[in-house]
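All remarks here apply to the structure that follows.
Atom set for the values below is all heavy atoms of this structure, side chains included, hydrogens, waters and symmetry mates excluded. Chain letters run A, B, ... following the sequence lines, proteins first and then strands; every chain starts at 1.
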Number of protein chains: 2
Amino acid sequence: MMASVQPGQAPTLEMVAARAGVSRATVSRVVNGSPKVSPDVVEAVQAAIAALNYVPNRAARSLASRRTQAIALIVPESAARVFDDPFFASVVQGAALTLAGTEYTLNLLIESELDPDKTRRYLLGGNVDGALVVSHHTGDHSFAHLSRSLPLVFGGRPLDPEESSGCTVDVDNEHGAAAAAQHLVDTGRRRIATIAGPQDMPPGVDRLHGFSSVVAGAGLADDLVEYGDFTAASGAAAMRKLLARAPELDGVFAANDQMAMGALSALAEAGRSVPADVAVVGFDDDRYAATAMPPLTTVRQPSSQMGAEMARKLVRLLAGEDVEAATILPTELVVRQSS
Amino acid sequence: MMASVQPGQAPTLEMVAARAGVSRATVSRVVNGSPKVSPDVVEAVQAAIAALNYVPNRAARSLASRRTQAIALIVPESAARVFDDPFFASVVQGAALTLAGTEYTLNLLIESELDPDKTRRYLLGGNVDGALVVSHHTGDHSFAHLSRSLPLVFGGRPLDPEESSGCTVDVDNEHGAAAAAQHLVDTGRRRIATIAGPQDMPPGVDRLHGFSSVVAGAGLADDLVEYGDFTAASGAAAMRKLLARAPELDGVFAANDQMAMGALSALAEAGRSVPADVAVVGFDDDRYAATAMPPLTTVRQPSSQMGAEMARKLVRLLAGEDVEAATILPTELVVRQSS
DNA sequence: TTGTAGGCGTTATCAT
DNA sequence: ATGATAACGCCTACAA
C-alpha cells in the first residue's frame with residue numbers, strides 16, 4: 001500500500017505546493033510548524049507531503065536558514081585506538097543517544113594528527129552548529145579559541161583554569177577520590193598509599209588532591225605517593241616502589257583501574273594477599289574491574305552520562321538558553337572484594 | 001602572526017574572487033582542483049584563500065553539486081547500550097578512522113526504536129551520499145530496499161541469502177569456528193562439545209556449521225550441541241546441560257567469549273579444571289578474554305577492520321568503481337591457557 | 001584559460 | 001493567513 005516512489009527523484013517543496021494547491025511559502029510554514037496557517041491548509045499540505053513522501057532537503061534548508069542541525073563530536077586520535085578506551089565509547093554513546101532524541105545529527109570527527117587544521121576548517125566551514133570536544137584525561141582545550149565562532153562544550157576541565165573557555169562537563173574526580181580514601185580509612189586501614197596519575201592531567205591532579213585531603217584529614221600520613229601514567233604496567237611499577245618504601249602499608253588507592261590492576265599483580269608477586277594484607281581501590285569502574293582477581297573496589301565514573309550531559313548542554317546553548325559554565329557529575333563508590 | 005578574522009562572518013567564494021581579481025568560477029575551479037587553470041592564477045587564488053581564511057560552505061556546495069560528502073553509520077539502538085558491545089565500538093572506530101582520511105564526514109545514527117522511520121527519512125532526505133549499516137549478530141538487512149536509492153554497505157551477511165542486497169562485509173565465522181574445532185582436535189581432545197549461538201543469527205549458524213564439519217570430518221561425534229543466546233548466563237546453563245549429557249567430554253567450543261566465560265564458571269563449579277580436564281575455546285577475543293581465569297583461547301574477530309573495510313567499500317562505490325558484492329574477513333586463532 | 005549566468009531547494013522579507 | 005520574490009553560497013554548462 002505504499003505510494004510508488006520515483007527512485008532518485010526526490011520530491012521538492014515546490015511539488016508539494018503544487019499538489020496541495022498552495023504556495024511554497026505555505027508549505028515551508030507547515031513543514032516548520034508555523035502557527036499562522038489555517039488548519040485545513042495544514043491538513044491539505046500534510047496530505048500532499050505524505051502522498052509524495054516528501055522529505056526536506058537538508059542542504060537547501062541550511063543554506064537558507066544558516067543552520068545545519070548538526071553537531072560535531074570531536075575525539076582525539078590518540079594512537080589510532082580511540083574506542084579501545086571504554087570511556088570514549090561511553091561518552092560517544094551518551095551523546096549519540098541524547099542527540100537521537102533531538103533534531104540534531106551527530107558528526108563523529110576523529111581529530112587527525114596528520115592534519116590538525118582539518119578539524120578547525122571543518123568546524124569553521126559551516127558544517128555544524130556546535131561541537132562537543134572530549135579530551136579524556138589530557139585536559140586539552142586547544143579548540144578554546146574557536147568558542148567565539150561556535151558554541152563548544154568540553155568534556156573534562158581544562159588543565160589551566162585560566163583557559164576556562166565556556167562550557168565544560170566534568171566528573172567529580174576530587175570527591176570520587178575522597179570517597180575511595182574515606183572507604184579505606186573507614187575499613188580500618190592506617191598506612192595508606194596512592195598511585196597517582198600524571199600531574200599534567202586534570203584527573204591526575206584532582207584525584208590525588210581528593211585522596212590527600214581525606215587521608216591527612218584523618219590524621220594519617222599522606223606521604224606514600226608514587227606516580228603512574230594510567231597504564232597497568234606503570235601501576236605495577238609504582239606498587240613495587242611503594243612496597244619497598246613502606247612494607248607495612250595496608251591500603252592503596254590507584255587513580256584508575258588499569259593501574260589498580262597493575263598494583264594487584266605486583267601485590268600478588270610480592271606475596272601480599274588482597275584484601276587481607278592490603279586493600280586496593282581503583283577509579284573508573286572500567287570493563288575489567290568486575291572480573292579482576294579479586295573483583296576491584298572502585299569509583300564509578302558516569303561516562304555515558306557525561307556524553308549525554310554535554311549534548312544536552314550544547315543543545316540548550318544552541319537554543320539560546322543560558323547554561324551554567326561548568327557542571328560536575330557525581331561519582332559512586334562500588335565496593336567489591338579488593339577492599 | 002595570524003590574519004585577524006571577523007568572527008561570525010565567514011568569507012565567501014565571492015570575496016576570494018574579488019581579492020584575487022578573478023571570477024567566482026575560477027575560484028571554484030581552484031578549490032575543486034580543476035586542471036584547466038593557469039599556475040599563476042592558481043597561486044593568486046590560493047593566496048587570497050589563505051589570506052581570508054576561506055573555507056567553502058558545505059551546504060551551498062552540496063546544494064549545487066547534489067552531493068553531501070557525508071556518510072551515515074547506522075547502528076541499532078539495542079537496548080540503549082550500543083557501545084557496551086566492544087564489537088560496535090571497534091567497527092565504528094574502524095569506519096571513522098578510515099573516513100577521516102577521505103573527504104567524507106561520518107554521521108553517526110542510532111536507529112531509534114521509537115521512530116524507526118526516522119532513519120529512513122534521514123537516508124532519503126539527501127543528508128548523506130551513502131550509508132554503512134551494522135547489525136551485529138542479527139543479520140538484519142531491513143534497509144535493503146533502500147539500496148536502490150542509496151549506496152549501502154552492510155556489516156554481516158543477511159540471514160536470508162535471497163535478501164542479499166548489494167554489498168556486505170563479513171567475518172569468516174565458518175572458518176574461524178573450524179579453526180577452533182581443529183585446534184581442539186589437534187591437541188588431543190576426543191569428546192568435543194559446542195555451545196552454539198541462536199540459529200536465527202548468521203554468526204550462530206555459521207559458527208556451528210564450521211565446528212560440526214571439522215569435528216565430524218575428524219571422525220568424532222558432533223552430537224554434543226547446546227544452544228545459548230550469546231550471554232554468559234546462557235553459556236553457563238548450556239555447559240551444565242552438556243556435562244549432564246556427557247560427563248566424559250574433554251573439550252568445548254563456545255560460539256562467543258561471553259558464553260565461554262559462562263562455561264568456565266560452570267566448569268569450575270562442577271569441579272572440572274581447565275584445561276586439564278576440559279579445554280575451552282571461545283570466539284571474538286573480546287575485552288574479557290585475555291583476563292579470564294584461565295585466559296581464554298579464542299578466535300579473534302577483526303572488528304575494526306570490518307568497519308574500515310565497509311567504509312573503503314562505500315567510498316569506492318561512491319566513486320563509481322566496481323566492488324565485489326561480499327568480502328569476507330579472515331579470523332585468527334589466539335591460543336591462551338584455556339586449551 | 002577564463003568569465004557569464006542560471007539554477008540547486010529552502011527560508012525569510014515583504015506585501016496583500 | 002497567504003503569496004511573490006529575493007537571497008543563501010556554490011557549481012557548471014556555455015560562451016568568449
Nearest to the [X] side chain among [options], which nucleotide is it?
X	options	answer
Ala25(B)	dT4(C), dG3(D), dT2(C)	dT4(C)
Arg67(B)	dT2(C), dC8(C), dT12(D)	dT12(D)
Arg24(B)	dC11(D), dT11(C), dG9(D)	dC11(D)

Let me know the distance between [atom1] of [X] and [atom2] of [N], rounded to the nearest Å.
X	N	atom1	atom2	answer
Glu14(B)	dC11(D)	CD	P	13 Å
Tyr54(A)	dG9(C)	OH	C1'	7 Å
Leu13(A)	dA12(C)	CG	P	12 Å
Arg61(B)	dG9(C)	CZ	C1'	18 Å
Asn57(A)	dG7(C)	CG	P	18 Å
Gln69(A)	dG9(C)	CD	C1'	16 Å
Arg58(A)	dC8(D)	CZ	C1'	17 Å
Leu63(A)	dC8(C)	CG	C1'	9 Å

Base, sugar-phosphate alone, or nothing: which one does [X] contact when heavy atoms must sit under 4.0 Å apart?
X	value
Ser28(B)	base
Val41(A)	sugar-phosphate
Val31(A)	nothing

With a 4.0 Å limit, can you tell me whether [X] has a side-chain N or O closer than that to the phosphate oxygens OP1/OP2 of [N]?
X	N	result
Thr26(A)	dG3(D)	yes
Thr12(B)	dG9(D)	no
Arg66(B)	dG9(C)	yes
Ser65(A)	dT11(C)	no
Asn32(A)	dT11(C)	yes

The residue among Thr105(B), Leu99(B), Val92(B) that forms side-chain contact (heavy atoms from CB on, under 4.5 Å) with Leu108(A) is Val92(B)
Determine whether Cys167(A) and Leu317(A) make a side-chain contact, defined as any pair of heavy atoms from C-beta on separated by less than 4.5 Å. yes
Compare all side-chain heavy atoms of Leu106(A) with those of Asn107(B) and state whether any distance is below 4.5 angstrom. no
Base dG3(D) to side chain Arg29(A), donor-acceptor N/O within 3.5 Å cut-off: yes
Lys313(A) side chain to Thr168(A) main-chain N or O, any donor-acceptor pair under 3.5 Å? yes
More 5' along DNA chain C: Ser62(A) or Val37(B), using each one's nearest nucleotide? Val37(B)
Point-to-point distance, once rounded to the nearest 0.5 Å, from CE of Met306(A) to CZ of Phe87(A): 4.0 Å
Got more than 12 heavy atoms from elsewhere within 6.0 Å of CD, Glu321(B)? yes
